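Here is the structure we will look at, set down as structure tokens.
Here the structure is a predicted model, which means the values were calculated and not measured.
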Amino acid sequence: MLENLASAVVVGLSFGNLWICALLVFSLQAGGRSLALGYILGRASAVIALSTAASLVGSNLAVPNSSLNLMSGVFLLAFAAYLALTRIFDWIPPWRRRGTGKVSACGDCTLCAEDAGMEYRDYRRACRACNPSGLCEAEEPEVEPLTRNVRRLKGRRVENNQAVGLGAGLWIGAARGAVMCGKLAVLLPMLLKSRPLEGALIGTAFAASSSVYPLLGFALGNIALKLLEYKKLIFSLGCGFMAVLGFHYLWKGVFG
């Protein structure tokens, strides 16, 4: 059980690295805290519900634990390799390539900083840490509703107004959690061999760890922004821990 929780925390931190983005920090600081908090709570609720449901399904399946351990090892190693290639070595998968190349939407933070009344001007270099796929991190589907006001300030085309308030955040977070948590497939084998309560705990660990960065964002905005300078190091550590856990599950599947 402990290795399942550790895997959920490591995978959650890796997914949560999406939040290490300057525009997201600006968005959280610039008046959208209740929306962002609602989003985090709604998303966590959806993740925990999906994890519990997967455990309930697994309790009715007759799949040997050795097979599920092997699947867990393969999934964790594959995901660690994918993260390393895309986030450390800047490989762009074919399905994420865009004809326009890189987007420098985060290039100059001055406008956002002045509008929010914050002193982030020293972090212009960090603000350029956009997704090499060409889509700014702040425009990723999972978090796009939270960043509309700041992106509009920076002259980006934004089709819809930003939602407002805790209730709207809960609704958006639950919807995004239900749709986007195909990401939980990495943890699916261990959820299938868990009891429902254990599944709920795994989902809670994943939801909590993947929310560390946004929570830092609106608790310690300018400090959280400094994490941008260590983005690749953070990903490297996450990939390393994930690979260790992957080999652990492979060992259990073969010799356990």
Please name the pair of heavy atoms, one in [X] and one in [Y], separated by the smallest distance, quoted to 0.1 Å.
{"X": "Ile48", "Y": "Gly203", "value": "CG1-C, 3.9 Å"}
{"X": "Gly165", "Y": "Ser34", "value": "CA-OG, 3.6 Å"}
{"X": "Leu83", "Y": "Met242", "value": "CD1-CE, 4.0 Å"}
{"X": "Ser236", "Y": "Ile88", "value": "OG-CD1, 3.4 Å"}

Under 3.5 Å, side chain of Ser194 to main-chain N/O of Gly199, donor-acceptor pair present?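 The answer is no, because no donor-acceptor pair under 3.5 Å joins these two groups.
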Quick one: pull up [atom1] in [X] and [atom2] in [Y] and give me the separation to the nearest 0.5 Å.
{"X": "Leu166", "Y": "Leu41", "atom1": "CG", "atom2": "CG", "answer": "7.0 Å"}
{"X": "Ser211", "Y": "Leu13", "atom1": "OG", "atom2": "CG", "answer": "10.0 Å"}
{"X": "Ile202", "Y": "Leu191", "atom1": "CD1", "atom2": "CG", "answer": "5.0 Å"}

If the condition is salt bridge (charged side-chain N to carboxylate O under 4.0 Å, His left out), which residues does Lys193 pass it with, not counting sequence neighbours?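 Testing Lys193 for salt bridge (charged side-chain N to carboxylate O under 4.0 Å, His left out), a comparison that skips the adjacent residues, returns none.
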Show me, pair by pair, the donor-acceptor contacts under 3.5 angstrom made by side chains of residues 61-68, not counting sequence neighbours?
none

Which residue pairs pass the salt bridge (charged side-chain N to carboxylate O under 4.0 Å, His left out) test with at least one member in [range], sequence neighbours excluded?
{"range": "residues 234-254", "value": "Glu3-Lys252"}
{"range": "residues 238-251", "value": "none"}
{"range": "residues 196-216", "value": "Arg195-Glu198"}

side-chain contact (heavy atoms from CB on, under 4.5 Å) with [X]: which residues, sequence neighbours excluded?
{"X": "Leu77", "result": "Ala243, Phe247, Leu250"}
{"X": "Leu85", "result": "Trp91"}
{"X": "Leu188", "result": "Ala54, Leu192"}
{"X": "Ser7", "result": "Leu76, Leu187, Met190, Leu245, Tyr249"}

Could you work out, with ring pair (Phe, Tyr, Trp, His ring centres under 6.0 Å) as the rule, every residue matching Phe255, not counting sequence neighbours?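 Phe255 satisfies ring pair (Phe, Tyr, Trp, His ring centres under 6.0 Å) with Trp251 only.
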Check whether Val254 and Met71 end up in the same hydrophobic cluster, where Ile, Leu, Val, Met, Phe, Trp and Tyr are linked by side-chain heavy atoms less than 4.5 Å apart.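 The answer is yes; both residues are in one hydrophobic cluster.
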Find out if a path of hydrophobic residues (ILVMFWY) with successive side-chain heavy-atom gaps under 4.5 Å connects Val47 to Leu56.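 Val47 and Leu56: separate clusters.
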I need the full list of side-chain hydrogen bond (donor to acceptor under 3.5 Å, both in side chains) pairs touching residues 46-56, with sequence neighbours left out, sorted by first then second residue.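 Non-adjacent pairs meeting side-chain hydrogen bond (donor to acceptor under 3.5 Å, both in side chains): zero.
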